[in-house]
> 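Got a structure for you, written out below as structure tokens; questions coming shortly.
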Amino acid sequence: MIELLRIEKYYQMGEITVKALDGVSFDIDEGETVVLLGPSGSGKTTLLNLVGALDRPTGGKIKIDGTDITRYNRQQQFTFRRNTIGFIFQTFNLFPTLSALENVQYVADLARKKNSKQKSIEALKAVGLEDRIHHFPHQLSGGEQQRVAIARALVKEAQLILADEPTGELDYKTGKQILKLLLKQQNNNTIVILVTHNREIARITNRVIELHSGMITEDGPPKKGKVSIEELRW
Ligand SMILES: Nc1ncnc2c1ncn2[C@@H]1O[C@H](COP(=O)(O)OP(=O)(O)O)[C@@H](O)[C@H]1O
Ligand SMILES: [Mg+2]
């Protein structure tokens with residue numbers, strides 16, 4: 001499970017201190033899917049980067065299964081990310097000189113997955129890209145690149161998936177497919193943190209954590225009720 005204790009992240013910009021996160025605390029249980037909802041600039045990406053050990057907070061603790069990851073050194077951060085985290089970046093971060101398949105397989109190999117090639121092909125199939133596996137990122141549309149990034153996060157079968165606006169570039173139909181795929185990860189006891197600024201998309205989970213100016217303003221079921229993926233409209 002994940003425990004965040006009074007997390008602060010401040011950026012010093014000359015004279016000005018930007019409080020990107022200002023005392024954020026919450027717990028997430030195994031197998032829970034949580035939506036992190038907030039407008040642009042509210043601190044969502046900053047928070048994911050901290051949970052994913054890409055960065056350290058200014059103050060507070062982040063415990064994963066009881067271990068405070070904010071105290072990890074670089075090597076420990078790397079091992080933690082490699083073994084535990086499936087990250088879907090808002091800007092995809094694909095390797096431009098690797099094909100779709102190679103992008104996915106690279107991550108599978110790094111996480112020491114057996115049959116990494118077969119698993120990577122299956123992950124690309126799951127996101128509907130079976131006929132694009134040898135394309136390079138520049139030969140793919142934004143939505144297709146996004147799906148490669150999603151396949152790359154899924155192939156690891158990670159304990160924790162951090163998805164930063166994963167449907168941002170996707171058309172409606174593909175977006176729903178991807179959300180369905182992310183919800184399915186509950187079956188493997190995976191924790192999914194799904195970041196969105198879209199209040200309708202937030203309704204697919206039992207729990208929505210709302211962030212405004214780096215502070216939590218709500219933590220509970222979606223206000224307008226939960227909807228199935230089939231009913232979802234945005
Ligand atoms: N590396 C950085 N240096 C300075 N300010 C930053 C940095 N990253 C984010 N911020 C600021 O922190 C706030 C939260 O940003 P971010 O976490 O990216 O928000 P969101 O993902 O919700 O749009 C914003 O005001 C942003 O300008
Ligand atoms: Mg963001």
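Both counts, for ligands and for their atoms, begin at 1 and track the order of listing.
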> Does some side-chain heavy atom of R152 sit less than 4.5 Å from a side-chain heavy atom of L94?
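L94 reaches R152 side chain to side chain.
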> Hey, is E231 close enough to K226 for a salt bridge, meaning N to O under 4.0 Å?
no
> Suppose we measure from atom 5 (N) of ligand 1 to each protein heavy atom; which comes out shortest, and what is that distance?
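For this ligand atom, the closest protein heavy atom is Y11 CD1, 3.3 Å.
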> What protein heavy atom sits nearest atom 11 (C) of ligand 1, and how far off is it?
V18 CG1, 4.0 Å
> For atom 19 (O) of ligand 1, what is the closest protein heavy atom, and at what distance to 0.1 Å?
G43 N, 3.3 Å
> Round to 10° and report the angle made at the Mg ion (ligand 2) by OE1 of Q90 and OG1 of T45.
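Between OE1 of Q90 and OG1 of T45, at the Mg ion (ligand 2), the angle is about 90°.
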> Flag atom 2 (C) of ligand 1 as yes if some protein heavy-atom distance to it falls below 4.0 Å, otherwise no.
yes
> Given the rule in the side-chain contact (heavy atoms from CB on, under 4.5 Å) test, do Q139 and R132 qualify, once you have shown the distances and angles that lead to the verdict?
CA-CA 9 Å; Q139 298 168 323; R132 295 285 189 281; over 6 Å; no
> Is it true that K113 and E157 have a side-chain N and a carboxylate O under 4.0 angstrom from each other?
yes
> Touching ligand 1 at all, G41? Heavy atoms, strictly under 4.0 Å?
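Flag set, G41 near ligand 1.
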> Should the pair E200-K224 be classified as a salt bridge under the 4.0 Å nitrogen-to-oxygen rule?
yes
> Side chains of V195 and T45: closer than 4.5 Å at any heavy-atom pair?
no
> Under 4.0 Å from atom 27 (O) of ligand 1, is there any protein heavy atom?
no
> For ligand 1, which atoms, with element, lie under 4.0 Å from some heavy atom of S40?
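Close to S40: 23 (O).
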> Could you check atom 21 (O) of ligand 1 against the protein and tell me its nearest heavy-atom contact, residue, atom and distance included?
T45 OG1, 2.8 Å
> Y10 and side-chain hydrogen bond (donor to acceptor under 3.5 Å, both in side chains): which single residue from T58, T17, D22 fits?
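That would be D22.
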> May I ask you to decide whether K125 forms a salt bridge with E122, counting only side-chain N to carboxylate O separations under 4.0 Å?
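Here K125 does not pair with E122 in a salt bridge, since their nearest N and O are not under 4.0 Å apart.
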> Looking only at protein heavy atoms, which one is nearest to atom 15 (O) of ligand 1, and how far off is it?
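The protein heavy atom lying closest is T46 OG1, 3.8 Å.
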> State if G214 counts as touching ligand 1 under the rule of any non-hydrogen atom under 4.0 Å.
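It does not, in that no heavy atom of G214 comes within the 4.0 Å cut-off of ligand 1.
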> Going by the atom numbers of ligand 1, which of them fall below 4.0 Å from some non-hydrogen atom of P39?
22 (O)
> Please list the nearest protein heavy atom to atom 22 (O) of ligand 1 with its residue and the distance rounded to 0.1 Å.
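The closest one turns out to be K44 NZ, 2.8 Å.
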> Below 4.0 angstrom from a heavy atom of A20, which ligand 1 atoms are there? Numbered from 1 as shown, please.
12 (O), 13 (C)
> Indicate yes or no for a side-chain donor-acceptor contact from D171 to the backbone of T174 under 3.5 Å, with no hydrogens or angles considered.
yes
> Heavy atoms only, cut-off 4.0 Å: how does M13 contact ligand 1, side chain, backbone, both, or neither?
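The part of M13 near ligand 1 is the side chain, not the backbone.
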> side-chain contact (heavy atoms from CB on, under 4.5 Å) between I204 and L182: does it pass, once the steps are laid out?
CA-CA 11 Å; I204 64 169; L182 287 174; over 6 Å; no
